[in-house]
Amino acid sequence: MNEKSVICTRGLTRYFGAKPAVHDLNLEVPRGCVFGFVGRNGSGKTTTIRMLLGLLQPTRGTGSVLGYDIHTLPPEARARIGYLTEEHQLYGWMSVKECGDFQSQFYPRWNEKIFLGAIGHFNLKPAARVKNLSRGERAGLCLGLTLAPEPELLVLDDPALGLDPVAHRSLVESMIYLTRRSDRTIFFSSHQLADVERVADYIAILDRSVLRVCCSLETFRNSVQQVRLRFPGPPPPLPDIPGLLQAFRAEGELRLTCVNYGAATEQALRALAPAQMEMVPISLEDVFISYLGERGEKSFILSETEAQP
Amino acid sequence: MNFNIAISTGSNTPIYKQITDQVWLAVITGKLAVGDQLPSVRALAEDLVVNPNTVARAYADLMRDGLIESRTGRGVFITRKRKVFTREEGWRRLEPLIDAAIGEAMAMDFTHGELREAFEKKLGQWKSPKGGNRSDE
């Protein structure tokens, strides 16, 4: 497996009964990057994360994390991974400080300064009882507990879920702060495309158990183009356009969203003889929606690693 | 230095492009002058709360275009704007922008006269670039 990859999976698959939760996943996460793992609810993100961390047995397929086989992750490897769960499980009767003292006993390395820095960033008082904390405060505490062992690989399962704007900003700031160490990798799942746009170097999109996209954010954004064609009269019916994701028809106008826009697509569009043809800038969210929307053709897979034999 | 960068997510313009656009605009409108210092990549990234690689990408583009330079150990500075494009290349890049503006205007039923007037008015709000950087040396 690739030395530069912190996470690498081949054909990773998990069924729950007859239903695939994750199907044939080939994921590669380079060391030192911020990796956004995106998908709609129930698309298999948490199942993937649980398999990566050895918490759930895959039905088939293989994977490695920090160079270790995910089927047999030794405690030394686990100590180098920080995992923030969706649920923020904590003992309600403990104080914030007691949570830190308790957690620190499980790790060979524990940086109290980082723990205090993180809880300070979320304005938490060390003496506060966990049961009295808000959701955002619990998130801050859990983040502090996850960061203090200085993990090489940070896995955050939907860290933004349910956070108010202030706590949310603190979270994103913490993620940016962590990139100060260039050897640290952050793998986070999210629905928040704004977060992905701000912090991620790479994006992977899971859609109904299948990985549809795994590449740099820039490649993803550049891969989808929107073209506006103007016609003097009603637009002609559309023939087969290579890479067409979505078509929007208006009076005297066709607006087409295409993936892997190139010579073939351009030629097909020119053949429609539009009076005018221009590229329209498109937001990350629009790229995402046109890619996963109901009208999206399911056959397109965008990957930088896929091309390798 | 009377200069602030603000970015927004969800825009049609990628973040690195929002940064380069704003630096260009600040230089053109005189908010940034030759010799002014820009924040470091890390400082701007933490200020804007964006990935440092995005800021680095923006700075690399600005450096390639000769608008800023990096002085080792001292930081990033606005440099004299060098002519980066040949005249032909300049026209090649300008033309589609003009076409797009005219196309939009036509679709909204503006007349030639109205367009000319609007263009003149807008143009009047901008300083013509001083000698040097646009003359065909």
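Below, chain A is the first sequence line, B the second, and so on; all start at residue 1. Because the structure is predicted, anything quoted here is derived from the model rather than measured.
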**Message:** Quick check on the structure: residues of residues 96-104 of chain B within a heavy-atom distance below 4.5 Å of chain A, by number.
**Reply:** B:Asp99, B:Ala100, B:Gly103, B:Glu104

**Prompt:** At a heavy-atom separation under 4.5 Å, does A:Glu218 approach chain B through its side chain, its backbone, both, or neither?
**Reply:** side chain

**Request:** Measure across A:Ser283 and B:Gly10 and return the closest heavy-atom pair with its distance rounded to 0.1 Å.
**Result:** CB-O, 3.5 Å

**Min side-chain heavy-atom separation A:Gln276-B:Met106 under 4.5 Å** = no

**Asked** Does atom CZ of B:Arg71 have more than 12 heavy-atom neighbours from other groups under 6.0 Å away?
**Response** yes

**Message:** Restricting to non-hydrogen atoms, name the atom on A:Arg169 and the atom on B:Val49 that form the minimum distance, rounded to 0.1 Å.
**Reply:** NH1-CG2, 3.6 Å

**Request:** Without swapping roles, check the side chain of A:Glu173 against the backbone of B:Glu46 for a donor-acceptor pair under 3.5 Å.
**Result:** no

**Request:** Identify, with sequence neighbours excluded, every residue that meets salt bridge (Lys or Arg N to Asp or Glu O under 4.0 Å) alongside A:Arg181.
**Result:** A:Asp183

**Message:** Evaluate A:Arg198 against B:Asn51 for side-chain contact (heavy atoms from CB on, under 4.5 Å), listing each step before the verdict.
**Reply:** CA-CA 6 Å; A:Arg198 271 184 193 276; B:Asn51 189 315; over 6 Å; no

**side-chain contact (heavy atoms from CB on, under 4.5 Å) assessment of B:Thr9 paired with A:Glu285** = CA-CA 9 Å; B:Thr9 55; A:Glu285 190 170 350; over 6 Å; no

**Message:** If I measure from the heavy atoms of chain B, does A:Arg228 come under 4.5 Å with its side chain, its backbone, both, or neither?
**Reply:** side chain

**Prompt:** Which one of A:Ile282, A:Val172, A:Leu284, A:Leu193 has the most heavy-atom pairs closer than 4.5 Å to chain B?
**Reply:** A:Ile282

**Request:** Against chain A, work out which of B:Ile15, B:Thr54, B:Leu48 has the most heavy-atom pairs shorter than 4.5 Å and name it.
**Result:** B:Ile15

**Prompt:** Have B:Arg42 and A:Thr179 got a donor and an acceptor in their side chains that come within less than 3.5 Å?
**Reply:** yes

**Request:** Select one option (side chain, backbone, both, neither) describing which atoms of A:Val34 are under 4.5 Å from chain B's heavy atoms.
**Result:** side chain

**Neighbour count >12 (heavy atoms, 6.0 Å) for atom CD, B:Gln125** = yes

**Asked** At a heavy-atom separation under 4.5 Å, does A:Ala275 approach chain B through its side chain, its backbone, both, or neither?
**Response** neither

**Message:** With a 4.5 angstrom heavy-atom cut-off, is it the side chain or the backbone of A:Glu197 that approaches chain B, or both, or neither?
**Reply:** both

**Asked** Tell me the ring pair (Phe, Tyr, Trp, His ring centres under 6.0 Å) pairs involving residues 86-116 of chain B, sequence neighbours left out?
**Response** none

**Asked** Quick one: what part of A:Ile176 sits under 4.5 Å from any heavy atom of chain B, side chain, backbone, both or neither?
**Response** both

**Asked** Which residues in residues 136-143 of chain A have a heavy atom less than 4.5 Å from any heavy atom of chain B?
**Response** none

**Request:** State whether the number of non-hydrogen atoms from other residues, nucleotides or ligands found under 6.0 Å of A:Tyr177 atom OH is greater than 12.
**Result:** no

